Structures are given as C-alpha cells and as structure tokens.
Number of protein chains: 2
Amino acid sequence: MQARLSSREGQSVSTEDEAIEPVAAAEEWRERHGSSRKPTINDVARIAGVSKRTVSRVINNSPLVKEKTRTEIGKVIDIVGFSPDPQARGLAFRHSYLIGMIYDNPNPQYVVNMQQGILAGLNKSGHELVLHPCDRESDTFLQDVRQFIERLKLFGVILTPSVSEDERIVEMLREIGCAYIRIASVALEDNDNMIVSNDRIGGREAGRHLAGLGHERIGFISGKPSFRSSRERRAGFEEALAERGLTLDPALVRDGAYTFQSGLERGRELLQMDPRPTAIFAANDEMAVGVLQALSIAGLRVPDDMSIMGYDDFQISISVWPRITTVHSPVSRLGELAAEKLLLLKEQEGLAGGDETCTPWLIERESTAAPRK
Amino acid sequence: MQARLSSREGQSVSTEDEAIEPVAAAEEWRERHGSSRKPTINDVARIAGVSKRTVSRVINNSPLVKEKTRTEIGKVIDIVGFSPDPQARGLAFRHSYLIGMIYDNPNPQYVVNMQQGILAGLNKSGHELVLHPCDRESDTFLQDVRQFIERLKLFGVILTPSVSEDERIVEMLREIGCAYIRIASVALEDNDNMIVSNDRIGGREAGRHLAGLGHERIGFISGKPSFRSSRERRAGFEEALAERGLTLDPALVRDGAYTFQSGLERGRELLQMDPRPTAIFAANDEMAVGVLQALSIAGLRVPDDMSIMGYDDFQISISVWPRITTVHSPVSRLGELAAEKLLLLKEQEGLAGGDETCTPWLIERESTAAPRK
DNA sequence: CTGAAAGCGCTTACAG
DNA sequence: CTGAAAGCGCTTACAG
C-alpha cells in the first residue's frame with residue numbers, strides 16, 4: 001500500500017516534471033517576447049527540449065512520434081503561438097501553398113460567388129487564393145498561365161468555365177504536373193479532376209416549367225455556342241420539351257453571348273416574329289434581363305404578353321420587375337467542392353474525394369405564367 | 001596603321017571572347033535542360049562565370065555592378081529564362097511578394113472592378129493578390145486580419161471601404177509595421193496612405209443635375225450612415241442644392257444600406273408621401289434600382305411620375321428600364337492607383353507617388369427628366 | 001521513436 | 001566593382 005502510493009506519487013511527479021517544464025518554459029517565452037517576435041520552429045524545439053526534426057514531424061502529422069512527445073510539443077506550439085512559415089515550408093517542399101483561380105467568365109456575380117466558395121473550401125487549411133483572369137483569345141494565353149503557375153510554384157489550380165473547357169490548358173497542366181480541378185457543366189474527363197454543375201438538369205427544369213405552364217411556341221437564346229454550358233442548357237431544355245411532345249422551332253432559336261446586350265438584341269428579334277413566341281428561355285439571367293428590357297421598350301408586358309425565364313439565380317434576377325423565374329445554379333458551392341477536392345487530390349495522390357455533385361433547381365417568380373388564350 | 005588595326009582586332013576579339021562565352025554556355029544549357037528544369041541563381045552564376053552574389057546584385061538593380069557584367073548576366077538570364085523564386089527571395093527578405101486585399105463591400109461588381117484594377121496596377125511587378133474578405137462585426141475581425149498578414153508576411157495591404165474607414169485596423173497595421181493603402185471617399189489621413197474617390201464631388205454632380213432639371217422636392221436615400229461615402233455623397237448633394245437656394249427636406253430623407261432591398265423599402269415609403277417627391281437620389285445604383293422597382297409595383301412611371309438617380313455606374317444601372325442616370329465612380333482606376341502607390345510606398349519608404357486623384361462624373365440616362373408642371 | 005547535417009534558392013554584412 | 005560564408009525557416013534522407 002505504502003509502496004503503491006509512493007509509486008503512484010513518483011509516477012505522477014515524473015509526468016508532471018516532463019509536462020510542466022516545457023509548458024513553463026513556453027509561458028516564460030511568451031512573457032518575454034510577447035507579441036514582439038514570432039516564434040520559429042527552432043524556438044519551439046528549444047523550449048520543448050527536442051530537435052526541430054521532431055517538431056517538424058508534429059507539424060506534418062508524422063505517425064512516428066510518441067504520443068506524449070506530440071502532446072507536449074502541441075502545448076508549446078499553442079502557448080507560444082507558433083505557426084510554420086509557409087514560405088520556408090514551401091521552399092523546402094518545392095511548392096507554395098497558393099491555389100490559383102484561372103477564369104475568364106466576365107460576370108462579376110459569378111466570379112465573386114466562386115471566389116467566396118473557394119475561400120470557404122480552403123478554410124483554415126493554410127492555403128491562399130491567387131487570381132489569374134485570362135483571355136483565351138490572347139496569343140500568350142497558355143504561356144502566361146504556365147508562367148504564373150511555375151513562378152509561384154502553385155499548389156494547384158481551379159479552372160472555371162469557359163477556360164475549364166479548353167483542352168490545350170489541361171494538356172499543359174498535365175505536362176508540367178500541376179494539380180487541377182475543372183469546374184464545368186458536364187464531366188469532361190475522369191471525375192477525379194472535375195466538379196460538375198449539371199446544367200443539363202437545369203435546362204430540363206426550365207423546359208418542364210414552361211411546357212408545364214402550357215407554352216408551345218417558345219423562343220430560346222443561347223450563350224456562346226462554343227461554351228459547353230450553352231449546349232447543355234439547351235439540350236436539357238429540349239429534352240424536357242420532348243417529354244411533352246414539343247420541339248424547339250429553329251426559327252425561334254438565337255445565339256446570344258451570355259451578355260445583357262446580346263439578350264436585348266436577340267430578344268428584340270424574337271419579339272418581331274409573327275406570331276411571336278409566348279415564352280422565351282434565355283440561357284442566363286443577364287440575357288433574360290436584356291429580353292425584359294426589349295419587351296419594356298416595345299411596350300409589351302411580362303408575363304401577360306410573354307413569359308421570360310433566365311438561368312443562374314443571381315441578384316439581377318430579382319432586381320428587375322417582374323422578377324425573373326430562373327434556375328438556381330449553386331456557384332459558390334461548386335467552388336467550395338472544387339477547393340476541397342483539390343486539397344484531397346494532393347493529399348492522397350489520385351484518390352480524390354467523394355463524387356459529390358451539385359444539382360440546379362427551379363426558382364419560380366413573376367416573369368412566367370400560362371400563355372394567354 | 002598596322003598596329004592600330006591589330007589593336008582594334010584584338011579589342012574586338014577580346015570583347016567577343018567575354019561576350020560570346022557565357023552566351024554560348026547559356027544556349028547550351030537551354031539545349032540540354034530545355035524546359036525540363038527551371039534555372040536557379042546558381043545556374044546563372046556558373047554559366048556567366050560570376051558569383052551568385054553578383055547575379056543577385058543584377059536582379060536587385062544594385063548600382064555597384066560594372067555595366068558590362070550587368071549586360072552579360074542579363075543576356076544569360078534571358079536565354080536560360082531565369083526568374084528568381086519569390087519564395088526563396090521572400091524568405092531571405094523576410095517578407096513575401098503578396099498583396100492583401102481587405103474588403104467588406106458586398107457588391108460583386110465593386111469587388112471585381114477593384115480586383116481587376118489592383119491586378120492591373122500590380123502588372124508584371126512580380127507581386128500577387130491574395131483576398132481577405134472580412135466582417136467588421138466579428139469578434140475576431142482584427143485578430144484574423146493580423147494573423148493573415150503575419151502568417152503570409154504580406155508585402156502590404158489595400159483596404160477598401162468601409163473597412164478602410166476603421167481606425168482600429170489602421171492602428172494595428174501601424175503597430176505591426178505593415179504597409180497599407182486606404183481607399184476611401186475622402187482623405188482620412190496623410191495622403192501617403194490614401195487613394196480618395198471624392199464622393200463629395202460625385203454627390204454634387206447629382207445635386208446639380210436634379211436641381212438643374214428644376215426639381216425642388218427631392219427625396220434622398222443614403223447608404224449606411226456610418227459609412228463615410230454615405231455622408232460625403234449626401235454632403236455634396238446638399239451643397240449643390242444650396243447653390244440653387246434649395247435644401248433637403250428632412251422628411252424626404254431615409255437611411256438605406258446600399259442594398260437593393262433597402263432601396264425598395266425606403267423607396268416605397270417615399271412614394272407614399274403626399275405630395276410625393278418629384279425626384280429621388282439614391283446613394284448607389286443598387287438602391288436606385290430598388291426604388292425603380294417600388295415605382296413599378298406602384299404603377300408609377302419613371303421619369304414621368306418621378307425621376308430617379310443612382311451612383312456608381314455599374315452594369316445594373318443600364319440593365320433596367322428606364323436606364324438609370326447615375327454618377328460614374330472609377331472603381332478599377334482607384335484599385336490601380338492604390339496598387340501603384342503601395343509599390344512605390346515600399347520602394348522609397350515614405351516618399352509615395354503623386355497625389356493623383358479620381359473624380360467621379362455624371363452619366364445622364366432616361367430615368368431623369370424635368371418634373372411635371 | 002528521435003537527432004545532427006545538408007539542402008531548398010535566395011540575400012546580406014563583411015572583406016577585399 | 002566582386003566573392004566566400006552564413007543565414008532566412010523549414011524538410012528530408014540517413015543513422016541510430
């Protein structure tokens with residue numbers, strides 16, 4: 001009994017000895033250097049009484065550290081407020097902790113939502129987002145992107161439409177061994193590198209809504225036909241019409257460019273058809289608002305004289321009157337998933353995370369109604 | 001003659017010797033390692049036959065390098081395509097080449113324009129932009145910003161309204177010695193750290209326009225009163241009215257929040273006044289469009305029943321019908337100037353560049369007209 | 001499970 | 001005007 005007690009005490013003392021000492025040292029360090037100096041791995045190692053190699057192991061979650069050592073070092077790290085210098089780490093690892101966002105979509109709302117999603121996905125991972133807007137038409141496009149990546153030794157990149165659809169850039173990325181995630185309306189390759197927005201499903205929602213209201217003579221304004229999303233939204237739309245035995249009259253189809261101006265102009269053309277369509281589906285909100293303006297100028301009323309639908313569910317769709325029925329596209333969620341997937345992609349080389357997908361959905365508002373008899 | 005000739009020849013040979021050799025070596029290097037290896041400062045030094053210290057001097061534009069040596073090394077750098085690793089440089093310099101954009105303005109168009117301007121100002125300087133959206137209401141706001149800066153050892157930061165108006169953050173930046181540029185509607189401190197958008201002038205333009213059209217009973221919807229831009233735009237507006245002997249009737253003034261929704265609500269209130277104002281100046285486009293929607297819903301016509309003015313000249317102002325008369329605010333130009341100034345600020349400590357300012361200007365559209373008799 | 005040494009690609013006193 | 005050495009803050013074989 002006596003022995004056991006003393007043995008217990010001895011044990012407890014010994015653990016305290018090892019436990020208290022570094023903690024006390026850490027606290028003293030904090031007192032002395034306060035917020036004037038940022039601790040380095042060397043400080044932590046000295047305070048904890050281990051080599052920096054071991055501290056490094058703790059930082060990098062190496063399994064070969066005794067649990068006690070790990071906890072000990074962890075405490076010191078917390079107390080002195082150590083966080084490894086990404087620059088020094090990057091230099092040793094031969095890559096940075098920067099993620100590049102490569103984009104050419106000119107819509108501010110899209111860009112901001114996407115950025116916000118990516119930042120959310122990067123969360124407290126220690127990675128930062130750097131921007132690379134680009135122009136696919138430029139002669140130096142590929143070269144610029146490559147330089148951007150190599151100079152900064154990027155951790156990886158996220159590509160958004162339409163630059164994500166460009167096979168030249170993807171080929172280049174593979175060549176230089178840069179990790180990437182492509183966000184696109186449909187799976188363009190192996191799912192490991194893709195986040196898909198399923199625009200075909202969104203198009204279908206739009207088609208079902210208008211057909212369901214009883215429209216038969218429907219106009220369609222696409223985005224740039226070279227953009228995959230334009231084709232997907234249209235294909236989904238036509239599929240939905242087909243379900244009702246309807247087809248899209250080629251005379252009522254116009255190629256837009258996802259811009260307000262193109263919506264205004266193509267909308268104006270469709271208005272002048274005789275008989276004019278009873279509804280128009282514009283492949284994004286920006287164009288739908290253009291169509292609405294064309295109607296307003298022509299003195300026609302929405303939805304009485306014509307229904308209008310958009311796609312995206314951006315602020316603009318509720319800023320106009322009547323508010324635009326649209327399809328919600330979860331842009332920021334796509335960004336978040338892309339960021340998470342990119343992080344996983346590097347972590348467990350090749351074994352990328354779950355194949356979560358995003359599905360767009362219908363948002364009904366005042367701009368659509370049954371056609372007049 | 002003979003002697004002179006041979007002397008010339010000798011000279012020419014000797015310069016060629018020194019000139020050709022490194023160039024040839026550089027070309028050979030390029031052949032061999034092609035695009036497979038990125039050259040380092042060591043490669044350049046070896047090829048040029050100098051120490052890396054000297055190459056470093058060339059990179060950093062040190063004046064103590066013989067002109068010939070500099071040219072020589074410059075050639076080698078061009079041929080092998082050397083560009084110094086910002087990570088390694090940063091580690092040695094104890095700072096990175098990253099510029100932080102700290103912002104809390106929720107308007108996507110504002111954010112994107114600003115980013116684009118900053119990127120343009122950063123140009124090919126080798127600096128990159130990292131984003132830090134923030135929430136001034138958060139308890140950890142200051143701490144988060146500080147961590148962001150210290151962890152990344154930022155080169156400097158650019159603050160946009162309204163976070164740029166927060167003295168707490170500026171104080172913290174000074175404390176940790178972080179270079180910064182504040183973008184704001186008015187000079188909040190020494191010009192060295194400011195880029196001003198002169199919103200008072202913009203407000204004046206709005207006031208002159210409406211007063212000039214003959215409006216006397218004018219409504220005003222402000223942004224959040226705590227935002228400096230709200231107060232500046234209003235002050236300028238009132239100054240312009242005063243020039244015509246008019247004053248703003250307090251009963252027709254409403255506090256908005258720069259959001260569409262607030263414009264819609266405050267607009268609705270103003271419509272119900274009896275007699276109602278003949279014109280409303282909303283302190284940004286987003287709210288102006290809200291007012292327009294309120295009018296539309298009430299069945300009133302713009303500008304026949306009432307004129308509406310906004311501020312910003314964003315896309316939204318021409319996406320609605322009638323298009324909104326507004327004041328152009330050169331947001332991206334502000335960003336560009338801020339970036340340039342930040343770069344200069346660090347370069348010649350304290351001696352920041354010219355005090356270029358940006359002036360907003362009036363954009364007349366269909367939403368304003370003389371009041372009905 | 002832990003450590004001493006070398007290295008990532010740069011810069012900076014210090015000499016000369 | 002130029003160079004050899006040490007250092008920025010990390011990681012990585014290699015030993016033990």
Side-chain angles (χ1 to χ4, degrees), chain A residues 18 22 33 37-74 76-77 80-98 126 150-155 346, chain B residues 18 22 33 37-74 76-77 80-98 126 150-155 346:
Chain A
E18 289 165 59
H33 303 287
R37 220 181 96 199
K38 266 191 66 187
T40 71
I41 197 175
N42 282 307
D43 296 318
V44 174
R46 197 174 346 98
I47 293 167
V50 297
S51 75
K52 57 201 247 193
R53 178 69 178 94
T54 302
V55 179
S56 173
R57 284 201 182 85
V58 172
I59 297 170
N60 295 292
N61 296 312
S62 158
L64 335 97
V65 183
K66 216 200 306 176
E67 198 44 44
K68 201 164 134 195
T69 316
R70 181 191 307 284
T71 336
E72 205 79 327
I73 295 178
V76 174
I77 287 178
V80 300
F82 169 71
S83 102
D85 179 339
Q87 222 156 208
R89 265 188 119 193
L91 187 58
F93 272 138
R94 288 159 190 74
H95 73 247
S96 72
Y97 287 87
L98 301 174
E150 293 191 325
R151 212 177 57 75
L152 298 176
K153 296 203 301 253
L154 292 187
F155 181 91
K346 294 273 288 196
Chain B
E18 288 164 60
H33 303 288
R37 221 182 95 200
K38 265 192 68 189
T40 73
I41 197 174
N42 282 308
D43 296 318
V44 174
R46 196 172 348 94
I47 292 169
V50 297
S51 75
K52 57 202 248 194
R53 178 69 178 93
T54 302
V55 178
S56 173
R57 285 200 182 87
V58 172
I59 297 170
N60 295 292
N61 297 312
S62 157
L64 335 99
V65 183
K66 217 201 303 177
E67 198 44 44
K68 201 164 131 195
T69 316
R70 182 190 305 284
T71 337
E72 206 79 324
I73 295 177
V76 174
I77 288 179
V80 300
F82 167 72
S83 102
D85 179 340
Q87 222 156 207
R89 264 188 121 193
L91 186 57
F93 272 138
R94 287 157 190 77
H95 72 248
S96 71
Y97 287 87
L98 301 174
E150 292 191 327
R151 213 177 55 77
L152 299 176
K153 297 205 300 258
L154 293 187
F155 181 90
K346 294 273 285 197

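Since the model is a prediction, treat every value here as computed from it, not as a measurement. To find a chain, count down the sequence lines: A is the first, B the second, and so on, and within it residues start at 1.
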Open item on the list: Nearest 0.5 Å, please: how far is CD in B:Glu150 from NZ in A:Lys38?
Closed with: 6.5 Å

Atom pair distance, as rounded to whole Å: [atom1] in [X] and [atom2] in [N]:
X: B:Ile59; N: C:dT12; atom1: CD1; atom2: P; result: 11 Å
X: A:Arg151; N: C:dG9; atom1: CZ; atom2: P; result: 16 Å
X: A:Leu91; N: D:dC8; atom1: CG; atom2: P; result: 14 Å
X: B:Asp85; N: D:dC8; atom1: CG; atom2: P; result: 18 Å
X: A:Gln87; N: C:dC8; atom1: CD; atom2: C1'; result: 13 Å
X: B:Leu152; N: D:dG9; atom1: CG; atom2: P; result: 16 Å
X: A:Phe93; N: D:dC10; atom1: CZ; atom2: C1'; result: 9 Å
X: B:Lys153; N: D:dC8; atom1: NZ; atom2: P; result: 11 Å

TODO: Return no unless some side-chain N or O of B:Thr69 is found under 4.0 Å from OP1 or OP2 of D:dT2.
DONE: yes

Open item on the list: Give the dot-bracket line for DNA chain C from 5' end to 3' end: parentheses for intra-strand Watson-Crick or G-U pairs under 3.5 Å, square brackets for crossings, | for inter-strand pairing, dots for unpaired.
Closed with: |||.||||||||.|||

- [ ] Name the orientation class of the two ring planes belonging to A:Phe93 and A:His95 (parallel below 30°, tilted from 30 to 60°, perpendicular beyond 60°).
- [x] parallel

Task: Residues from residues 41-52 of chain A lying under 4.0 Å of DNA chain C - heavy atoms - done: A:Val50, A:Ser51

Let's see if you can work this out: which of [options] has an atom nearest to the side-chain heavy atoms of [X]?
X: A:Lys66; options: D:dC10, C:dT2, C:dT11; value: C:dT2
X: A:Val65; options: C:dT2, D:dG9, C:dC10; value: C:dT2
X: B:Pro84; options: C:dG3, C:dC10, D:dC10; value: C:dC10
X: B:Ala88; options: D:dC1, C:dC10, C:dC8; value: C:dC10

TODO: Applying side-chain contact (heavy atoms from CB on, under 4.5 Å), run through A:Asn60 and A:Arg89 and close with a yes or a no.
DONE: CA-CA 11 Å; A:Asn60 295 292; A:Arg89 265 188 119 193; 2.5 Å; yes

Open item on the list: Run A:Asp43 and A:Arg37 through side-chain contact (heavy atoms from CB on, under 4.5 Å) and show every step you take.
Closed with: CA-CA 11 Å; A:Asp43 296 318; A:Arg37 220 181 96 199; 2.7 Å; yes

- [ ] Evaluate the side-chain proximity of A:Phe82 to A:Ile59: yes if any heavy-atom separation is below 4.5 Å, no if none is.
- [x] yes

TODO: For the residue pair A:Val58 and A:Thr69, establish whether any side-chain heavy-atom pair is separated by less than 4.5 Å.
DONE: no

Open item on the list: Is there a side-chain contact (heavy atoms from CB on, under 4.5 Å) between B:Leu98 and A:Leu98? Walk through the geometry before answering.
Closed with: CA-CA 10 Å; B:Leu98 301 174; A:Leu98 301 174; 4.2 Å; yes

Task: Contact nearer the 5' end of DNA chain D, comparing A:Ser56 with B:Pro63 - done: B:Pro63

Open item on the list: For C:dG3, does the base pair up with any side-chain atom of A:Arg57 as donor and acceptor (N or O, under 3.5 Å, distance only)?
Closed with: yes

Open item on the list: Looking at every heavy atom in both A:Leu152 and A:Ser96, which two are closest together, and how far apart are they?
Closed with: O-OG, 3.0 Å

Task: Closest-nucleotide 5' rank along DNA chain C - winner of A:Thr54 and B:Lys38 - done: A:Thr54

Open item on the list: Just to verify, which of A:Arg53, A:Lys52, A:Arg46 counts as forming a side chain to side chain contact (heavy atoms under 4.5 Å, CB included) with A:Ile41?
Closed with: A:Lys52

Open item on the list: One pair to check against side-chain contact (heavy atoms from CB on, under 4.5 Å): A:Val44 and A:Ile73. What are the steps and the verdict?
Closed with: CA-CA 8 Å; A:Val44 174; A:Ile73 295 178; 4.3 Å; yes

Open item on the list: Base, sugar-phosphate or nothing for A:Arg53? Non-hydrogen atoms, less than 4.0 Å.
Closed with: base

